[in-house]
Q: 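I am attaching a structure below and will ask some questions about it afterwards.
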Amino acid sequence: MLNTLPLGQLIRISIAIGTALFPLAVTIMYGGVHANAAIRTVPESTRDPQLIANQDLFSANINRQQQADIEGIYQTLTQRYRGINELNAERIERTLLSVSVAEKAFNRNLFRELKANHVDSSNEVLSIELISLSKQNAMVKVEEILRARQGNQSKEFKRSLLFKMVKTNGLWKIINFVETPR
């Protein structure tokens, strides 16, 4: 017998997918150099194999190191969204600087609940904007749509997230993020 969830629970799960997967920050400091990168809207779904990492990242004001950093940032974000869309907690955790045991358990339980209740969920990236970039820190704004559907019930949330990232051992990791007004 197919499990079904009331719409309220479907909405709760949808919000949990987008917000509770990572620790939230109350304060984000804007440090570093503001980048003049011209980053285009990502029209395709994050389920597309090209994803974010292959977007046009070139600008006359970006040097080679900054270009490599921008590509690294996008690779991290690509892995995050792939993990969310595949309901793969381990892939998401690899994009984070640190994850507590409680957060790991929560993510795995959430994904297990979604699968058991046959909830189809996806995050689609609409746009990515590099807000600031320094040698070790970056701020990235992502516009996304979170969709959840079960049977004939569906819900869609459009939102803007501001990610704080840090470069450690040559890899960009997500420290935290906050939802911002659109």
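Heavy-atom basis, side chains included; hydrogens, waters and symmetry copies ignored. If you're wondering where the values come from, they're calculated on a predicted model, not measured in any experiment.
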Q: Roughly how far apart are Arg112 CZ and Asn107 CG, rounded to 0.5 Å?
A: 11.0 Å
Q: So do the side chains of Glu124 and Arg147 get within less than 4.5 Å of each other, counting heavy atoms only?
A: yes
Q: Could you give the distance from OH (Tyr74) to CG (Leu130), rounded to the nearest 0.5 Å?
A: 6.0 Å
Q: Could you state the interatomic distance from NZ (Lys141) to CD1 (Ile131), rounded to the nearest 0.5 Å?
A: 6.0 Å
Q: Kindly indicate, with the supporting measurements, whether the criterion salt bridge (charged side-chain N to carboxylate O under 4.0 Å, His left out) is fulfilled by Glu103 and Arg108.
A: CA-CA 9 Å; Glu103 290 169 322; Arg108 285 172 173 74; over 6 Å; no
Q: Quick one: closest heavy-atom pair of Ser121 and Asn85, and the distance?
A: O-OD1, 4.4 Å
Q: Side chains of Lys167 and Asn137: closer than 4.5 Å at any heavy-atom pair?
A: no
Q: Hey, mind stepping through Thr180 and Leu161 against side-chain contact (heavy atoms from CB on, under 4.5 Å) and telling me if it holds?
A: CA-CA 6 Å; Thr180 63; Leu161 300 174; over 6 Å; no
Q: Take Phe157 and Ile145 through the side-chain contact (heavy atoms from CB on, under 4.5 Å) test and state the conclusion after the steps.
A: CA-CA 6 Å; Phe157 300 97; Ile145 294 178; over 6 Å; no
Q: Would you check if there is a donor-acceptor pair between the side chains of Gln67 and Glu71 at a distance under 3.5 Å?
A: yes
Q: Quick one: does Asn88's side chain have a donor or acceptor within less than 3.5 Å of a partner on Glu90's backbone?
A: yes
Q: For the residue pair Lys104 and Phe106, would you count it as a cation-pi contact if the rule is NZ or CZ under 6.0 angstrom from the ring centre and within 45 degrees of the ring axis?
A: no
Q: Name the residue from Glu144, Arg80, Arg82 that meets the side chain to side chain donor-acceptor pair (under 3.5 Å) definition with Asn123.
A: Glu144
Q: Heavy atoms only: give me the nearest Lys135-Asp69 pair and the separation to one decimal.
A: O-OD2, 4.4 Å
Q: Treating Lys158 as the side-chain partner and Glu143 as the backbone partner, does any N or O pair qualify as donor plus acceptor under 3.5 Å?
A: no
Q: In the structure I gave you, are the side-chain heavy atoms of Lys173 and Leu96 within less than 4.5 Å of one another anywhere?
A: no
Q: So, does Ser160 use its side chain to make a donor-acceptor pair with the main chain of Pro181 at under 3.5 Å?
A: no
Q: Any donor-acceptor pair under 3.5 Å linking the side chain of Glu86 with the backbone of Gly83?
A: no
Q: Take the angle between the ring planes of Phe177 and Phe163 and call it parallel below 30°, perpendicular above 60°, tilted in between.
A: tilted
Q: Measure the shortest side-chain to side-chain distance between Ile174 and Leu97 over non-hydrogen atoms and say whether it is less than 4.5 angstrom.
A: no
Q: Once you round to the nearest 0.5 Å, how far does OG of Ser100 lie from CD of Glu93?
A: 9.5 Å
Q: Does the side chain of Ile73 come within less than 4.5 Å of Leu133's, by heavy atoms?
A: yes
Q: Between the side chain of Asn169 and the main-chain N/O of Leu171, is any donor-acceptor distance below 3.5 Å?
A: no
Q: If we ignore angles and hydrogens, is there a donor and acceptor under 3.5 Å between the side chains of Glu113 and Asn109?
A: no
Q: With rounding to the nearest 0.5 angstrom, report the OG to CE distance, Ser132 to Met165.
A: 11.5 Å
Q: What is the distance from atom OG of Ser122 to atom CG of Leu146, rounded to the nearest 0.5 Å?
A: 7.5 Å
Q: Judged by atom type as modelled, is there a donor-acceptor pair below 3.5 Å linking the side chain of Thr76 to the main-chain atoms of Gly72?
A: yes
Q: Could you tell me whether the side chain of Val140 reaches within less than 4.5 Å of the side chain of Trp172, counting heavy atoms only?
A: no
